[in-house]
Every structure is written in C-alpha cells, then in structure tokens.
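Heads up: the structure comes next, in structure tokens.
One-based numbering along the sequence shown.
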Amino acid sequence: MKNVVIKYLLQNAIKYDGKPNPKSIMGKMLGENPDLRKLAKDINQNISAIAKEVEDMGLEAQKQKLSEIAPEMMGEKKERKKKEIELKNVDTKKGVVMRFAPNPSGPLHLGHARASVLNDFFTKKYDGKLILRLEDTDAKRVLPEAYEMIQEDLKWLGVKVDEVVIQSQRLETYYEYGTKLIEMGHAYVCDCDAEEFRELKAEGIACKCRDNSSEKNLELWNKMLSGELDNVAVRLKTDIAHKNPSVRDFPIFRIEHTSHPKNGTKYVVYPLMNLSVTVDDHLMGLTHVLRGKDHIVNTEKQKYIFDYMGWEIPEYLHYGILKIEGPVLSTSKMHAGILEGEYSDWNDPRLGTLRAMRKRGIKPEAIYKTMVDIGIKQADVRFAWENLYAVNKDLIDAITKRFFFVANPKKVIVTGADNKTVELRMHPDKDMGMRTLTFDGEIYLSGTDNVEAGKMYRLMELFNIVIDEVSENVVYAHFDSEDYKVAKENRANIIHWVPVKDSVKVSVIDGDGIETEGYAEKDFAVVKEDESVQFERYGFVRIDKNELDSDVNKVTCYLTHN
C-alpha cells in the first residue's frame, strides 16, 4: 500500500510544482484501485505521513523517483477514443438536412434533449442543416409562450438551429397537397359517423364515401375549406385490409373550431401529423429522420404519401425509448400543476424540464454529452442519472469553491479549548483563494451527524472533542486532543463544523422540492448568484439567490447532486 501511495503522491507533487496536496489524491487513488477501498482509513494515514517526505525531495528528485518506480505515471494516460456514432447513406458532398420537430406545448424536457442533441450532433458532424419545426397544428396542445421557450432552451443546450418553421403558418401549402391527393384519387372526404367508421375499419370494410368520384370529393373538400361542412374528415386511401387497423384509411385533415394562438379562427381545416410531416419532410429536403420506435407505424403511414406523390423517402432511423425515472415529463401535467400551484414554475426542481436542470446547476454540456453517449440504439435505454451527474461533476469539480455547510444545525458549546483560526484553501488543487474559520467555543454541527454523549469526534481540520451531553437545544462537549492518531485509535467520525459567530444562513432545495435550512461559514457570503459551489460532505449546489444584504438575510441554493 505504501508503494502505491508514494506513486500517487509523486505524480500529484510533480503536477503542482513539487508540492503534493494529499486531499486531492485519495479519490483518484481509490477510483483507479477499487480493491484498496476497504483500507481507506489506513491509506489516508499513509498519505498524511508520507506527504512531507515527498515534498522535501524537491521537484527534480520527485520526477526521477517516479520515472524509476512508475514511468507510466509520468504523463497523463491517454483515454481510449470512443467510436463516434454515425449515420448511414450520407452524401458527403451534399451533407445532411435534419429536423427537430417538437409540439409547442411547453418548454423542452430531457426527453426532447435526446432528439435535439442527436440531430444537432449529426448536422454538425456532416456540415449539414438543422431545421426547428414547430408542429402546432393541434390548437388544443399549444402553449403560446412555448414558441420562444423552446428556442431559448435549444440555445442554452448548445443546439444550433439554421431555420425555424411553424406549421400553422403553412396551411395553404398543406391544402395544395391535399387537393392533389384528392384529384389523384388517393384521398376522399368522409362524413361517416366516427363510431360507424371505426367498426367498419375494424372489419376491413370500406365505408360508403370511399367510392365517391374525385369530382365529388373536390366539391366536398372546397366546402370544408369554406366552412360549409362540419363533422367530416379527409382520409387517405390505403390497404383497407391492412393487418394493422390504424393504417387502414387513416385521416389526414380534420375540422377544428378551436381558436389557434397564431391563426385565431381564420382557418377551420387543419392537417393531421402524418400529412403535414410528410409534406414538410419532402419540401424541406430532409435526408435523414431520427425518431423513436413508437413512430414506426407513422413511418409506414407516411410512406403511402411519399409513394403516391413519387417523392424520395428520407433515411429513417428509429431509436429505442429513453426511460427516464423520477421527474415529471408530461407537459400537460406540468402545466396543470403550475396553474394549480403544485409547482412553482417550469423550472421547479421536481420537473424534468431543461429549465429545471439549469435551475439545479446541471451544465448544458453535461446533458449534451450524456445524450450523445446514449446514442441511437434501437433497444430501449434507461436514463442513468448517475451518468449525467458524473459528467456534470467532471465539468464543475475543477471550478467550484469548497465550503463547510451544516444542515439542520445543532449548536455545540465546547469547553477546554483555546480559540483557534484555521485557514483552508477554497479549492484543493486550484488557486481560488483562502477561507478562514475561527473557533471560539461555540460551533454548529450538522443535525444529520447524530452525535452521541460519551463518543469522540474529530472536527475537520481542527481537533478532537468528546460529547458530554446532548439536550434538545444545545450539545455540550469538551476538548480532548489535537492528534489525528488519537481520533483514529478511537474510531472517531470526522465531521465538519461552522462557527456560530458570523455564520451565513442558507436554504438548500433538493430535487424533490424539499427545503433544508442550515448555516455555512462566513466566507460563503462572497458567492454570486448562478455560481456553483461544493458543500463538503454534502454535495454540489447552485446559488439561486444571495439575499444577505436584505431583510431575508440568507442564501438560497439548489442541490445539483452529491
């Protein structure tokens, strides 16, 4: 074990001009040598004992020693490059044209992130074009403010949109192709009762309207457009005996009297998705379409239109369902919850929106990389929060200050100890300044540490204490010793602390919306809103509001992850 510790201390010392930082190597050492985790306490003791010896060697001697005992550790290990995901049948000269096509029923959530990121990834990879197509032809599902929210979310996520298309502004185009399909005898106007048609379709029997002449259908179609008909639909002729009843003569236009946010009541005939999507995919020159495997049937339906019109079919790629457990993802449920006061807004931490991720302090680059890593597998995939958190930690760990924070605090009065000031780095590896904590006999400990009378505890970076009495409002303790070895011999837990004097009141809101009150050390007051920091032994948090200069007199944070 000692030999392994020396290697990591030497490597760390060389990285930082000859001065090893014992704290920063523990995680790396155990991560690369998991078999040593059961010896963590002994390793920590070895690190502390050997660090001074390594530092006294000097930088050149450190390099020489490491090159002798572990030459492979003299440089950073090269990561094995992961093969990038690719599209099939790409014309490298023309590039690709792809689209991200959400319904503007609310802002984007993690489910949308996969589609938007993958389309963006491929259009950038192949120097192509990405179209944002807002599919808003169902007025009942449109939230007016979502048009802008979606574009804001994509910009934050790092998705580059080359063109924005709004389907509700293209109704005349859809009418044009609806007319062509009717003229060609591939579509007809149906005025059958909905239940009656459903029964006929289930039996594979054509309804009476299917044999109407094109002239008759055009007459009825024009009456639909002028608002003279109601309770009718335009159906596409398919295989009336198709094995899947939903494919049999499916509808492509309907009457809709709901006022549209962008059109008002100007139009009453609206295309259904399989018509509008097909027309747009053709006219916009889509080369590749990424969609979930739940759209396989829609792909089959749309091929009928491509074939009738003689259009080239894009390359379709259906990926498996991304199973995301935990936060709410349904925009209708989210919106209802916001209106009812259950959720504070679209960025409530209990929701799965990108705005909620941003509120919590998840970086867009972490979401982007996670979705690319998930890729376009055809099998269903469970979204692993731990993977997202690991990527996010890699991004923020090197740029976040460290502070002590005690949740659900207990006041502790310690006797027998002199006043003492300890100076700590704000980051173990980077020069981010120093912080000072002054012990004067009264401190806060975290209520979650559950200290017990008669037991010894080591106050982090300070000394050892023994608990004398635990009452409802205050804990009494006395100073025992300075030496860490004494704490180790007594199997004392190491706990952090915050001086009562000049402490900063803090609220932390977690992913379940639960708010925890506590105190942070005085130097935490320097933090800025939207900054991420790490509360040691607690987790990473994002600063939402710093209201120390107001009557509120506290800092509100959101828990990012542990």
Side-chain angles (χ1 to χ4, degrees), residues 20-27 29-30 40-49 51-52 397 400-430 432-452 455-467 470 475-504 506 508 516 518-524 527 533-541 562:
N21 187 341
K23 288 184 181 180
S24 67
I25 74 164
M26 188 72 167
M29 183 174 168
L30 295 182
K41 289 186 177 179
D42 292 333
I43 290 172
N44 193 51
Q45 186 177 6
N46 271 273
I47 291 173
S48 300
K52 186 69 170 62
D397 188 59
T400 51
K401 299 182 180 74
R402 270 58 166 173
F403 296 98
F404 286 171
F405 165 73
V406 290
N408 301 313
K410 290 181 180 178
K411 185 177 180 180
V412 183
I413 297 176
V414 182
T415 59
D418 296 331
N419 290 359
K420 183 178 180 180
T421 297
V422 293
E423 191 172 35
L424 306 175
R425 295 167 63 98
M426 284 198 178
H427 192 282
D429 300 326
K430 301 292 180 66
M432 293 186 177
M434 305 298 291
R435 45 194 249 260
T436 58
L437 290 87
T438 300
F439 171 82
D440 63 1
E442 293 190 355
I443 61 174
Y444 287 122
L445 295 182
S446 175
T448 57
D449 283 324
N450 296 315
V451 295
E452 299 178 29
K455 286 192 173 183
M456 177 182 289
Y457 296 87
R458 175 146 187 107
L459 299 180
M460 194 177 293
E461 307 292 346
L462 198 57
F463 47 60
N464 308 319
I465 63 171
V466 174
I467 305 299
V470 180
V475 175
Y476 295 92
H478 67 269
F479 169 81
D480 181 87
S481 52
E482 294 267 3
D483 198 338
Y484 172 76
K485 290 182 180 179
V486 176
K488 178 175 171 50
E489 290 168 359
N490 285 271
R491 299 178 180 273
N493 290 335
I494 301 174
I495 57 179
H496 60 288
W497 55 283
V498 170
V500 171
K501 186 178 180 181
D502 297 327
S503 59
V504 177
V506 178
V508 179
T516 300
Y519 291 100
E521 57 188 88
K522 66 177 178 61
D523 289 321
F524 181 66
V527 297
V533 304
Q534 183 183 0
F535 285 149
E536 297 193 41
R537 295 180 63 233
Y538 187 86
F540 292 91
V541 299
N562 296 325

What distance do L459 atom CG and L445 atom CG have between them, rounded to the nearest 0.5 Å?
-> 6.5 Å

For V412 and I443, what are the C-alpha separation, side-chain angles and deciding distance, and is it a side-chain contact (heavy atoms from CB on, under 4.5 Å)?
-> CA-CA 5 Å; V412 183; I443 61 174; 3.8 Å; yes

N490 side chain vs A492 backbone, donor-acceptor pair below 3.5 Å | no

Residues in salt bridge (charged side-chain N to carboxylate O under 4.0 Å, His left out) contact with R458, at least two apart in sequence or another chain | none

Let me see the working for R537 and M460 under side-chain contact (heavy atoms from CB on, under 4.5 Å), right down to the final yes or no.
-> CA-CA 11 Å; R537 295 180 63 233; M460 194 177 293; 3.3 Å; yes

Mind checking whether T421 and L437 have side chains closer than 4.5 Å, heavy atoms only?
-> no

If you measure from OG1 on T436 to CE on M434, what distance do you get to the nearest 0.5 Å?
-> 9.0 Å

Could you pull out all residues at least two apart from K420 that satisfy salt bridge (charged side-chain N to carboxylate O under 4.0 Å, His left out)?
-> E482

In chain order, what residues pass the ring-ring contact (aromatic ring centres under 6.0 Å, His included) check against F439, with sequence neighbours excluded?
-> F463

Measure across V414 and H478 and return the closest heavy-atom pair with its distance rounded to 0.1 Å.
-> CG1-C, 4.1 Å

Can you measure from CD1 (I495) to CG (D449) and round to the nearest 0.5 angstrom?
-> 5.0 Å

Go through the steps for V504 and F403 under the test side-chain contact (heavy atoms from CB on, under 4.5 Å), then give the verdict.
-> CA-CA 11 Å; V504 177; F403 296 98; over 6 Å; no

Closest approach of P409 and G518, non-hydrogen atoms and distance?
-> CD-CA, 3.8 Å

Look up atom OG1 in T400 and atom CE in M426, then write down how far apart they are to the nearest 0.5 Å.
-> 12.0 Å

Expected output: side-chain S446 to main-chain A407 donor-acceptor under 3.5 Å = yes

Sorted by chain and number, sequence neighbours left out, ring-ring contact (aromatic ring centres under 6.0 Å, His included) with Y519 holds for Y444

Atom CD in E489, atom CG in N464: separation rounded to 0.5 Å?
-> 10.0 Å

Sorted by chain and residue number, the salt bridge (charged side-chain N to carboxylate O under 4.0 Å, His left out) partners of R425 (sequence neighbours excluded) come out as none

All ring-ring contact (aromatic ring centres under 6.0 Å, His included) counterparts of F405, not counting sequence neighbours | F535, Y538

Would you mind checking if E536 and R435 are paired as a salt bridge, meaning a charged N to carboxylate O distance below 4.0 Å?
-> yes

CA sep, side-chain torsions, deciding dist, call: E442, K411, salt bridge (charged side-chain N to carboxylate O under 4.0 Å, His left out) | CA-CA 7 Å; E442 293 190 355; K411 185 177 180 180; 3.4 Å; yes

Are the side chain of H427 and the backbone N or O of D397 linked by a donor-acceptor pair below 3.5 Å?
-> yes

Report yes if the side chains of V486 and M456 come closer than 4.5 Å at any heavy-atom pair, otherwise no.
-> yes

Electrostatic pair D523:R402 at N-O distance under 4.0 angstrom = no

Spell out, as yes or no, whether a donor-acceptor pair under 3.5 Å connects the side chain of Y457 to the backbone of E452.
-> yes

Looking only at atom types and distance, does a side-chain atom of E521 sit under 3.5 Å from a main-chain N or O of F404, one as donor and one as acceptor?
-> yes

Run the numbers on V422 and L462 for side-chain contact (heavy atoms from CB on, under 4.5 Å), then give the verdict.
-> CA-CA 7 Å; V422 293; L462 198 57; 3.8 Å; yes

So CD of E461 and CH2 of W497: to nearest 0.5 Å the spacing works out to 9.5 Å

